[in-house]
Amino acid sequence: MPDKKLVKILNNISILLEIKGENPFKSRAYSNAAEIIRENQIDIEKEVQGGTLGNIKGFGEALVKKLTEYVETGKITYYEKLISEIPESLVDITKINTMGPKKTKLVYEQLGVKNINELESACLTGSLSKVKGFTEKSIEIIQNSIAHKKASKGLFLQNSVIEYAENLLGKLKSDSDIIDAEISGSYRRFAETITELNIVVSTKSPENVTKKFRTILFADQIGNQLKLSTNENIPVTIDFVKPEEYIFKLHLSTGSKEYITSFNELLKEKNVVTNFNSEEELYNSLGIKYVPPELRECNTALEKAKQFKIPKLIENSDLKGMLHVHSNWSDGKNTILEMALKAKELGFEYIAMCDHSRSAGYTNGLSIERVQAQHEEIDKLNSENHEIKILKGIESDILTDGSLDYPEDVLEKFDIVVVSVHSLFNMSKSLMTKRIIAALASPYTTILGHPTGRLLTSRLPYEVDIKEIIDAAADYGKIIEINANPYRLDLSWDNVIYAKEKGVKIAINPDSHKTTTLEDVFIGVKVARKGWLEAKDVVNCLTYDKFMKEVVKK
DNA sequence: GCCGTTTTCGGCCCGACTGTTTTCAGTCG
């Protein structure tokens, strides 16, 4: 496990140096080091003790010295000195939209603004508008960004707790006093973000087992409930109940408040007992169809269950094609072949390489010449028969006017074209909507990528009329992506429902930049399930032959 | 601060957009 505290310190040093106005490349050396440790899961203690840290590219004399000090003493004097000179909380300000290191320095020096609260006050009192470079528009962006950050406080990504949750669950299940245990709450029904982790445990003697695990987990106890928190301060609640109450409790703590309220009314009507062996049994006893956890968000699901209209939701094994992945031809970490072989290992029949297009310069986007060269490599790989078909795709930037990033004679060479917005996020809603619809209108467009551009808990979606976009996709017969990157989950599940209503086909795409994140595609399956999708609604559930015929049309 | 190497210092990812800009610095993806 990489040392998260160290990664944070290195990143903070990088940002603080930028604020100080030091050589930007010196600053980057620190963020690079943090990135290398995080990406490659480097065990710093081991490297330092083995004297091998200096062998890793990116770690020179100065960093080795500082990290050795860190391993030996738990701190870095250089960093301590840095934060005694400038407030560490300035780092938070640089996370606010449009507030880079230079502007952060400016408001610190001119207004004494040291943290986000003080920046917000400066917006409200009007003092910020007196600083050079801050306009009405930019102050509005800052205020929105602060509001979004505050609203996201206490919200966590699903993937930030997966590892912890699985470990804890394993620990509980392996105990001989515990009959069964399951994660419940918003995690189980796959809400976009969660505020806490809930676990329900079945045991014959709840009182004794609660007490026992209070000691093991260093938790606080309230009755037969334990409260603790993960090392990222995510609250955890564990309920210990008797076997006869287990299923009922698990169900009760999984659904949303709205869903459970309606469910309880139904229970009252039917007057059922609480002892069940499974949730399916519970639903059967009510005379309604079983509702999978992902759908237990709103009353609609319960109404449909009464009418026996819960569809067979898509499952991981339905996926046949891995679409929208990047390779080291642009900003990915792995070769095309490495990505393809990993996809094959995960059970996929075909993979569509969709590296960045030429306008995305920072990602090493492909020039027309390099598109040609990549196609030659793909042809060669396909001729070698690696038992997975590789498709020629591209993630084309949607340019300001909605046009795509290559001339027609280049676009026509791709099997699929994913179109995405990567620039000019601050356009007005109507212009952004027009821009994206223009891209959908292109005969070369196959799939709209991450339709709102949001990053969960960190970046708001760009202003866009998503319903109008979905309507346009329906008109033009275009596919919309569920981007399964855990930070994006974009299209969101509620809009997936709308897309399905309009008959728009969906692609579930990992937008993966390395082999280790290809499995993110299965997170997208959860979003799809929450959006009521069946295998027939999702284009990458098609076999290779059908996909070529119906989607690629070549 | 690191790397590569013409072994002592120059180059390090880049292009578009915005602002109170007039030729460039800051931010973003």
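Everything quoted here is computed from the prediction, not taken from an experiment. In the text below, chain A, chain B and the rest are named by the order of the sequence lines, each starting its count at 1.
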* A:His513 (side chain) donor-acceptor with A:Val325 (main chain) under 3.5 angstrom ->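 Here the side-chain-to-backbone pair does not exist.
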
[X] has an atom [atom1]; how far is it from atom [atom2] of [N], in whole Å?
| X | N | atom1 | atom2 | value |
| --- | --- | --- | --- | --- |
| A:Lys105 | B:dT27 | NZ | P | 12 Å |
| A:Tyr487 | B:dG29 | OH | P | 15 Å |
| A:Asp397 | B:dC28 | CG | C1' | 13 Å |
| A:Leu399 | B:dG15 | CG | C1' | 12 Å |
| A:Ile141 | B:dC17 | CD1 | P | 16 Å |
| A:Glu18 | B:dG1 | CD | C1' | 14 Å |
| A:Lys95 | B:dC28 | NZ | C1' | 15 Å |
| A:Leu17 | B:dG1 | CG | C1' | 10 Å |

* To do: For A:Glu18, check salt bridge (charged side-chain N to carboxylate O under 4.0 Å, His left out) against everything at least two apart and list the hits.
  =>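 Listed in chain order: nothing, the list is empty.
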
* Considering Watson-Crick and G-U wobble pairs with both distances under 3.5 Å, what does B:dC9 pair with? ->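 Partner of B:dC9: B:dG4.
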
[X] with [Y]: basic N within carboxylate O range, under 4.0 Å:
| X | Y | result |
| --- | --- | --- |
| A:Lys150 | A:Glu120 | yes |
| A:Glu69 | A:Lys65 | no |
| A:Glu377 | A:Lys380 | no |
| A:Arg529 | A:Glu294 | yes |

Which atom pairs, one a donor and one an acceptor, fall under 3.5 Å between side chains of residues 409-422 of chain A and the rest of the protein, sequence neighbours left out?
unit_1   : atom_1 : unit_2   : atom_2 : d
A:Asp415 : OD2    : A:Lys392 : N      : 2.8
A:Ser420 : OG     : A:Glu395 : OE2    : 2.7
A:His422 : ND1    : A:Asp397 : OD1    : 2.8
A:His422 : NE2    : A:Glu395 : OE2    : 3.3
A:His422 : NE2    : A:His450 : NE2    : 3.3

* To do: Could you tell me whether A:Pro101 contacts a base, only the sugar-phosphate backbone, or nothing, with contacts defined as non-hydrogen atoms closer than 4.0 Å?
  =>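 Contact class for A:Pro101: sugar-phosphate only.
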
* To do: May I ask you to say what A:Arg459 touches in the nucleic acid, namely base, sugar-phosphate or nothing, with a heavy-atom cut-off under 4.0 Å?
  =>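 If one applies the 4.0 Å heavy-atom cut-off, A:Arg459 turns out to touch the sugar-phosphate alone, with no base involved.
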
Using the [atom1] atom in both, what is the distance from [N] to [M], to the nearest Å?
| N | M | atom1 | result |
| --- | --- | --- | --- |
| B:dC28 | B:dT20 | P | 15 Å |
| B:dT8 | B:dC3 | C1' | 12 Å |
| B:dG29 | B:dT23 | P | 29 Å |
| B:dT6 | B:dA16 | C1' | 37 Å |
| B:dG11 | B:dT21 | P | 32 Å |
| B:dC13 | B:dT27 | C1' | 15 Å |
| B:dT7 | B:dC14 | P | 25 Å |
| B:dG10 | B:dC17 | C1' | 30 Å |

* To do: Could you tell me whether B:dT7 is syn or anti, where syn means a glycosidic angle within 90 degrees of zero?
  =>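 Chi for B:dT7 falls in the syn range.
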
* To do: Taking the side chain as every heavy atom from C-beta outward, state whether A:Leu456 and A:Arg488 have any atom pair closer than 4.5 Å.
  =>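 A:Leu456 vs A:Arg488: side chains apart.
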
* At under 4.0 Å, does any side-chain N or O of A:Thr400 touch on OP1 or OP2 of B:dC17? ->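 For B:dC17, OP1 or OP2 has a side-chain N or O of A:Thr400 closer than 4.0 Å.
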
* **N/O (side chain, A:Asn97) to phosphate O (OP1/OP2, B:dC28) under 4.0 Å** =>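 Answer is yes, contact under 4.0 Å.
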
* Partners of A:Phe348 by ring-ring contact (aromatic ring centres under 6.0 Å, His included), sequence neighbours excluded? ->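 Applying ring-ring contact (aromatic ring centres under 6.0 Å, His included) to A:Phe348 gives none.
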
* Excluding sequence neighbours, so at least two apart, what forms ring-ring contact (aromatic ring centres under 6.0 Å, His included) with A:Phe547? ->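 Expected list: A:Tyr350.
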
Contact list (N/O, under 3.5 angstrom) for nucleotides 18-24 of chain B vs protein:
unit_1 : atom_1 : unit_2   : atom_2 : d
B:dT20 : OP1    : A:Gly133 : N      : 2.4

* **First of A:His422 and A:Lys66 reached from the 5' end of DNA chain B, by closest nucleotide** =>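 So the residue in question is A:Lys66.
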
* At under 4.0 Å between heavy atoms, which parts of nucleotides 2-14 of chain B does protein reach? Answer with one letter per nucleotide, 5' to 3': B base, S sugar-phosphate only, - none. => SSS-------BBB

* Asked: A:Asn11 and A:Tyr30: side chain to side chain donor-acceptor pair (under 3.5 Å), yes or no, with the steps?
  -> CA-CA 6 Å; A:Asn11 276 322; A:Tyr30 284 94; over 6 Å; no

